[in-house]
Amino acid sequence: MGFVVALAAAVLGAAGAAAPSELSDQLQASLARSGVEHPVTAVLLNFRSYDTLLEIGVLVIAGMAGISLASTNALEDPALRSADSLLYALQRWFVPVMLLLAAYLLWAGADRPGGAFQAGAVLAATGVLMRLGGLPMAFIRPGILLRLGLVLGFAVFLLVAVAGALNGEAFLAYPVTIAGGLILIIEIGLTFSIGMILLALFVAAPVTDEHEPEEGGGL
Amino acid sequence: MSLNLLYALAGVALCGIGLAGFLLLNHLLRRLLAFNLLGSGVFLVLVGLAQHGDGPDPVPQALVLTGIVVAIAATALAIVLIRRYFHLTGRTSLDTGNNAGDGGGES
């Protein structure tokens, strides 16, 4: 309780103080050079792209850890599928619309709220729906496709960063003329990878009950 | 401006609820939820407070967006770990005491 009161006092104090505005002024001034028109996307993928690169790295590590914890035969468990015919019928309508929405969010990130992470989340939700409805999802099995999908975004991002560095710019600095195109390429890769990682983490939870007594008995 | 302040104060309340839940609850899933609540409160404070002259400040917004995605990944990984733990030990809380087997949470 005292914690909440102290925090509230701190928030009120911070709200009363005059906000420093040099950072946002700088951002507005250099927005034209970033290659995108929406300030949040510009910050995420151009001015502070180091954060985003490390963020997708964290996601890849989390996805790999989740998959390696799973008992691999549980990744495509028929017992988990719902037999609900209503879900199955709805899914035929929802899946294309959700894929379209993901593509729109990805594209809209350049000049309005949207972007790779939102699109990736919608993509992952589509995958979860498809899995619950029992559509065949062979690509989520552990294999070369899954691994490629997991690291695609990180690899594309790193490739662009290193290519910029080799070209004489700073690490992660894009040439101004093609910054928009590079950001779009990175965002497409990020979207696929984020959707794949979140879906893999959803699927990865170990679910088979048959092995439980032997595994538990060892402890 | 007062609306943003309201957001920040709601974030403060969420922080308090999350911290209390994190300290008081025993069940691992409830603790995870409380921890997420705490994180959401922090995000709400950041977004609510960060306003300058005309509209929201994009830099904290990008910061919070990064934080949200990392929080989702960490939560998903924590759920995988909790399920693994449950399958290996049959317990839902970390203490070695008497409440093994069933719920474990006290609320």
Side-chain angles (χ1 to χ4, degrees), chain A residues 1 3-5 7-8 10-12 14-15 19-21 23-25 27-28 31 38-45 47-48 51-52 54-56 58-63 65-67 69-71 115 117-118 120-121 194 197-198 200-202 204-209 211-212 215-216 218-219, chain B residues 1-2 4-20 23 38 41-42 44-46 48-91:
Chain A
M1 203 61 199
F3 168 77
V4 173
V5 171
L7 196 56
V11 163
L12 286 175
S21 62
L23 197 57
S24 47
D25 287 344
L27 178 65
Q28 289 299 331
L31 190 58
H38 194 254
V40 175
T41 310
V43 171
L44 269 180
L45 282 158
F47 302 133
R48 295 289 305 166
D51 287 354
T52 311
L54 293 181
E55 172 189 8
I56 184 69
V58 167
L59 278 181
V60 170
I61 292 172
I67 289 174
L69 274 177
S71 43
F117 294 107
Q118 292 87 334
I194 290 166
I197 288 168
L198 293 180
L201 276 171
F202 173 78
V207 286
T208 42
D209 285 323
H211 305 109
E212 195 213 327
E215 286 179 280
L219 291 181
Chain B
M1 195 61 189
S2 67
N4 302 319
L5 199 56
L6 190 63
Y7 284 145
L9 289 178
V12 168
L14 278 185
C15 275
I17 297 171
L19 188 68
L23 291 179
L38 182 58
V42 172
L44 206 51
V45 169
L46 274 177
L49 268 187
Q51 310 283 331
H52 62 95
D54 41 7
D57 193 342
V59 179
Q61 295 226 344
L63 196 71
V64 166
L65 186 54
T66 307
I68 288 173
V69 177
V70 172
I72 287 177
T75 304
L77 184 59
I79 289 177
V80 172
L81 283 175
I82 289 173
R83 289 192 66 172
R84 187 75 182 157
Y85 177 75
F86 177 70
H87 272 268
L88 287 180
T89 65
R91 292 208 302 264

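Reminder, nothing fancy here: chain letters follow the sequence lines and each chain counts from 1. Note that the structure is predicted; figures quoted are calculated from it, not measured.
Annotation for B:Tyr7: atom OH does not count as buried by contact number, only 12 or fewer foreign heavy atoms lying within 6.0 Å.
Closest heavy-atom contact between B:Cys15 and B:Val42: SG-N, 3.7 Å. Between A:Ala121 and A:Leu198, the shortest heavy-atom contact is CA-CD1, 4.4 Å.
With a 4.5 angstrom heavy-atom cutoff, B:Val69 touches chain A via backbone and side-chain atoms both. Contact of B:Ile82 with chain A is not made at all, since no heavy-atom distance falls under 4.5 Å. For A:Leu7, the parts lying under 4.5 angstrom from a heavy atom of chain B are both the backbone and the side chain.
Contact count versus chain A (heavy atoms, under 4.5 Å) is highest, among B:Ala62, B:Gly16, B:Gly67, B:Ala73, for B:Ala62.
Tested against B:Val70 for a side-chain contact (heavy atoms from CB on, under 4.5 Å), the candidates A:Ile56, A:Val58, A:Asp51 yield a single pass: A:Val58.
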